[in-house]
K.L.:
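First, the structure itself, so that you have it in front of you.
Each chain gets a letter, A, B and so on, in the order its sequence line appears, and its residues count up from 1.
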There are 4 protein chains.
Amino acid sequence: MPTPPPSAGPAGRSRTGRARSEQARQDILAAALELARRDLGTTTVDSIAHRAGVGKQTIYRWWPSKWAIILEALLEHAERDITAGTDSGPLAERLATFLASTFAQLAGPDSDGPLLRALMAHAQQNPAFAVAWRDLLILPRRRALLELMSEGRNEDREAAVDLLFGGMWYRLLVEHGPLDHAYAHRLATAAAALLKA
Amino acid sequence: MPTPPPSAGPAGRSRTGRARSEQARQDILAAALELARRDLGTTTVDSIAHRAGVGKQTIYRWWPSKWAIILEALLEHAERDITAGTDSGPLAERLATFLASTFAQLAGPDSDGPLLRALMAHAQQNPAFAVAWRDLLILPRRRALLELMSEGRNEDREAAVDLLFGGMWYRLLVEHGPLDHAYAHRLATAAAALLKA
Amino acid sequence: MPTPPPSAGPAGRSRTGRARSEQARQDILAAALELARRDLGTTTVDSIAHRAGVGKQTIYRWWPSKWAIILEALLEHAERDITAGTDSGPLAERLATFLASTFAQLAGPDSDGPLLRALMAHAQQNPAFAVAWRDLLILPRRRALLELMSEGRNEDREAAVDLLFGGMWYRLLVEHGPLDHAYAHRLATAAAALLKA
Amino acid sequence: MPTPPPSAGPAGRSRTGRARSEQARQDILAAALELARRDLGTTTVDSIAHRAGVGKQTIYRWWPSKWAIILEALLEHAERDITAGTDSGPLAERLATFLASTFAQLAGPDSDGPLLRALMAHAQQNPAFAVAWRDLLILPRRRALLELMSEGRNEDREAAVDLLFGGMWYRLLVEHGPLDHAYAHRLATAAAALLKA
DNA sequence: CCCTAATCGAGACGGTACGTCATGTCTTACA
DNA sequence: TGTAAGACATGACGTACCGTCTCGATTAGGG
C-alpha cells in the first residue's frame, strides 16, 4: 500500500507531466508520524495535510488512508532498526537477546508501541491494508528472526517464530503482563526447546 | 462493560417505572450478532436498532457502543463453549487438545474468528472497552487454560499461557499460517517444555 | 424547494420522533441571510451551519442547498413587502408607481438586489431550484402586478407583465442603465399602451 | 475577455519564441462548445482540455475561465447571425420581425438558449466576465436593434430596446411562457407605442 | 545553423467546498 | 419511567474542480 519513494525506476510508466514532489512526500510522512505519535485519536487526514502544508488531494493521490501513511513513515524512519542478531552463543540466548531488544523498542513512553498496536488493529478492518501491513512490516521481521535459527525443521522454525512474536504481540495487545527480560527468556527457552524436539 | 441480564437481583438500582424490556435486549443482541457476522463494516448502531425494531436510545441506555453489544452477544451465545479440558494424559497432549478445539471454533467460515479479531482491534482504540474485553473474555479463557497446568512455577505457567494464546492470536490476526492441529501440537510441546524447564 | 414552517398540518406524515426544531430553522435562515447579504461569495453551507450553531446535516435534512435557504429566508422576511397597488388613478400611473416602488427595493446599497440576481442566476443551473424560484418568488409577484390591470385581454396582460418585469430584470442583470423613475414611467407607458391596443 | 485570433498584428508583445498554436485554439473552442451543448454541468476545464487534446495550462494561458471560452466560441460561430433588419415597413412590424427571428435562435432544442442563459447567469457572479459579456454580446445586439429605430428621443429608444430584450430574456430565464410570434408582436407593439408617445 | 525563448501536452500541486456518514445525545408521544 | 421514532450537534470522510506550477519536448525567429 505505501508507495515507494519516487525513484521512478525502470518501471516508471510515463515521463511526462510534473514529477511527484519528494518534498511533499517527506513533509507528509513527517507530519503524520509526529501527529500520530502525539495523539493518534485526533490525527486526521485533514490535520496531516494541514501540518504538512499540503492539499488533501495530494495525500489521497498517493495513499489510500492515514494508516498507509503512518506505516510508510514507520518503515522509512525505522527500517534500520531491525535488530541484527549475534551469531555466537547458544540458541536460546540469541533468541532472548533479539526478543528483549525488540521489547525495548515497544515499551518506552515515546516508543512506537501504540502506533504498532493501532496499525495491527486497523489491519483487522481493512483487507487491503492488511496485505501491506503483513508484507512490509510483519513478514520482514519474521525473516530476521528466522535467520537466527540454524537448527530445526522448517515448520518447527516457523512455529518458533510464531511463538516468539505471538507472545510479544499478545502482551502488547492485551496488556495483562510486562514485556520484560524474564518474559523474553521464557519465550526463548520454549522456542529453543521446540526446535530441539 | 456489557450489562448483566436484567434480573439484576437485589442490587437493582430502581424499583419504579417501566421495567427494562428483556425482549428488546434479546432482539438487540440477536440483531447485532447477525448483522456483525454478515458484514461488520456496515453494521452501525442505527442498523442494529432498525433491525431489532428498537430506538437508538434504548441501545445507548444499556450499552456504550456496538462493540459492547457484540461482546455481550458473543459471551451469551458462546459462554458454554469454553472447552473443558480432560484431566488425563500427558500435559503436552492435554494442552494440544484444548488448543486444537479452540482453533476449531475460530477457523470455520461462519465462525466467530472475524468478530473476535474485530473486538481485539477495537480494544486497542478504546481503553474502557479494553477492560471489559480483557475481564470478560480474555482472562476467563486464560484461567481455563491455566487450570490445565499442574506443574511449574506461577510465572512459567503464565508465560506458557501467553505462549499458547499468543501463538493463536498471532496467526488469527496476521493470517500468515493455518490454525491447524500440527500448529497446536507444536505450541503445546513448547509450552510443556517451558513448564518442565 | 424551501420547506414550510414546521406547522405539520393535517398532512404531517407521522407524529412520532423528535419534532423539527423551529429554533434551528430560524437560526439557519437568519444566519444565511446575514452571511449572504454581507458576502455571498464566502457564504458556504459550512459557514451558515457554524454561524447558526447547527450541524451541517440539519441543514441538508431540510434544504438541498444554500440557495434554497436564502430563497426561503427572503420569502419569510420580505413576504409582506409585495407592494400593494393603489386602486385609483390612470392605469399607466398605477403601474409606474408599483414599478418604481419595486425598483426602490432593488437599488439601495443594502438591498436584496444582489441576492435576487444570484438566485436568478442559480435558477439557470439547477432545474429543481428553478421550480421553487418561479413558483415561490417570480409567479406571486407577477400575480400582484396582474391584479393591477383591469383592462385588456388575458394574453395582453401577461405580455404587459413580462414587459414590465422583463425590463426590470434586464437592467438589474446587465447593469447598463439605471432603475430609476424615468425608466419606470417609460415601461409603464408602454405597458398601458399595449393593454389599450 | 476572449482573445482575438493569434494574428495579433504589430501590437504583439514579443517576436521570439514558439508561436501560439491556432490549431490548439480551434480545438479548444470546438471542444468547449460541444461539451457545453451536451451537458454544461459536467463541462470542466479539465474535460475541455482532455477532449481538445491540450494541456490545461494552454487554456489558462489564453482564457481566464471556461465561460470565456464558451463566449468566444459562441461569438465566433454565431457572429454572422445578428439579424439584419429590413428597412421597409412600419416600425412595429420591423421590430417584430427582428425579435421573432432572434426568438427562433433561442427556442430550438439544439439552440444556444441554454448556453446564453448560463453565460448570463455566470456574469452575475463574476464582474470581470460581466464586462466581456456585456461588451461583446449584449451591447452589440442592442446596437443592432437600436439602428432599427428611427423615431423617438434617445432615452425612449433605449427604453424600447430594454423593453424588447428584457421581455425576451425574462421569458428565456424564467420559462413561464413561450417565445413565440404573438409575444414578439406584443412587445414590438408596446415598443412602437413608447417611441411615438 | 545553432541559440534563445515562448508554447505545447501532461499531470502533480495547494486549496476550498461539497454532500455523506456514523456517533452519541436530545426530545417527542405513547404505553 | 421505558420505549420507538427520529431530529439534533459534531466531526471526519473522500471527491470534485479550481487555477498554478513544473516537467521534458517542440517550434519558431534572430544571430
Side-chain angles (χ1 to χ4, degrees), chain A residues 6 14-21 23-25 41-47 49-50 52-62 64-66, chain B residues 6 14-21 23-24 42-47 49-50 52-66, chain C residues 6 14-21 23-25 41-47 49-50 52-62 64-66, chain D residues 6 13-21 23-24 27 42-47 49-50 52-66:
Chain A
S14 90
R15 64 186 72 261
T16 81
R18 183 174 177 175
R20 176 176 180 186
S21 163
Q23 182 64 50
R25 181 177 164 273
T42 65
T43 299
T44 68
V45 174
D46 273 283
S47 71
H50 189 261
V54 136
K56 225 182 349 169
Q57 196 59 253
T58 298
I59 290 183
Y60 281 109
R61 205 192 320 276
W62 301 107
S65 73
K66 66 177 170 184
Chain B
S14 80
R15 71 188 78 254
T16 175
R18 183 172 175 176
R20 175 177 181 187
S21 161
Q23 182 63 50
T42 64
T43 300
T44 67
V45 175
D46 275 280
S47 72
H50 189 261
V54 136
K56 247 201 311 183
Q57 191 57 265
T58 301
I59 289 182
Y60 281 110
R61 206 190 320 276
W62 302 108
W63 293 274
S65 73
K66 64 177 171 186
Chain C
S14 88
R15 66 184 71 263
T16 83
R18 182 174 179 174
R20 176 176 180 186
S21 163
Q23 182 64 51
R25 180 176 165 275
T42 65
T43 300
T44 68
V45 175
D46 273 283
S47 71
H50 189 261
V54 136
K56 220 176 2 161
Q57 196 59 254
T58 298
I59 290 183
Y60 281 110
R61 206 189 323 276
W62 302 107
S65 72
K66 64 177 172 186
Chain D
R13 61 187 176 292
S14 78
R15 67 188 79 257
T16 176
R18 183 173 176 174
R20 176 178 181 186
S21 162
Q23 181 64 49
D27 289 350
T42 65
T43 300
T44 68
V45 174
D46 274 282
S47 72
H50 188 261
V54 136
K56 248 201 311 182
Q57 190 58 266
T58 300
I59 290 183
Y60 281 110
R61 207 190 319 274
W62 303 108
W63 292 275
S65 74
K66 64 177 171 186

K.L.:
What I'd like to find out is whether the side chain of A:Trp62 reaches to under 4.5 Å of the side chain of A:Arg25, using heavy atoms alone.
P.N.:
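Not touching, per the 4.5 Å side-chain cut-off.
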K.L.:
Expressed in angstrom and rounded to an integer, what is the separation of D:Ile59 atom CD1 from E:dT7 atom C1'?
P.N.:
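About 14 Å, once rounded to whole Å.
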K.L.:
State, to 0.1 Å, how close A:Ser47 and A:Thr42 come at their nearest heavy-atom pair, and which atoms those are.
P.N.:
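Residues A:Ser47 and A:Thr42, closest heavy atoms: OG-O, 3.8 Å.
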K.L.:
Once you round it to whole Å, what is the distance between P of E:dT25 and CH2 of B:Trp63?
P.N.:
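B:Trp63 atom CH2 is separated from E:dT25 atom P by 15 Å.
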K.L.:
In whole Å, what is the span from the CH2 atom of A:Trp62 to the P atom of E:dG11?
P.N.:
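Rounding to the nearest Å, CH2 of A:Trp62 and P of E:dG11 are 11 Å apart.
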K.L.:
Go nucleotide by nucleotide along DNA chain F from the 5' end; which of D:Thr44 and B:His50 gets its closest nucleotide reached first?
P.N.:
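Result: B:His50.
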K.L.:
Looking only at non-hydrogen atoms, find the nearest pair between B:Val54 and B:Ala24 and report the distance.
P.N.:
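Scanning both residues, the minimum pair turns out to be CG2-CB, 4.0 Å.
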K.L.:
Whole angstroms only, please: what is the CD-P distance between D:Gln57 and E:dA10?
P.N.:
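For the pair D:Gln57 CD and E:dA10 P, the rounded distance is 14 Å.
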K.L.:
Report yes if a side-chain nitrogen or oxygen of B:Thr58 is closer than 4.0 Å to either non-bridging phosphate oxygen (OP1 or OP2) of F:dA4; otherwise report no.
P.N.:
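B:Thr58 to F:dA4 OP1/OP2: side-chain N or O found under 4.0 Å.
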K.L.:
Would you mind reading off the distance between D:Asp46 atom CG and F:dT20 atom P, rounded to a whole angstrom?
P.N.:
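Going from D:Asp46 (CG) to F:dT20 (P), I get 14 Å.
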K.L.:
At under 4.0 Å, does any side-chain N or O of D:Arg61 touch on OP1 or OP2 of E:dC8?
P.N.:
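D:Arg61 to E:dC8 OP1/OP2: side-chain N or O found under 4.0 Å.
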K.L.:
5'-most contact on DNA chain E: B:Lys66 or A:Gly55, nearest heavy atom basis?
P.N.:
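This one resolves to A:Gly55.
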K.L.:
Could you check if a side-chain atom of A:Val45 sits within less than 4.5 angstrom of a side-chain atom of A:Tyr60, using non-hydrogen atoms only?
P.N.:
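A side-chain contact under 4.5 Å exists here.
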K.L.:
Starting at atom CZ of A:Arg25, determine the distance to atom P of E:dG14, rounded to an integer number of angstrom.
P.N.:
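Taking CZ of A:Arg25 and P of E:dG14, I get 14 Å after rounding.
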K.L.:
Round to the nearest Å and state the distance from A:Tyr60 atom OH to E:dG14 atom C1'.
P.N.:
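Going from OH in A:Tyr60 over to C1' in E:dG14 covers 16 Å.
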K.L.:
Between the protein and nucleotides 28-31 of chain E, list every N/O to N/O distance that falls short of 3.5 Å.
P.N.:
none

K.L.:
Looking at residues at least two apart in the chain, or sitting in another chain, which of them share a salt bridge (Lys or Arg N to Asp or Glu O under 4.0 Å) with C:Lys56?
P.N.:
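C:Asp46.
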K.L.:
Rounded to whole Å, please give me the gap between NZ in D:Lys56 and P in E:dC13.
P.N.:
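Nearest whole value for this atom pair: 13 Å.
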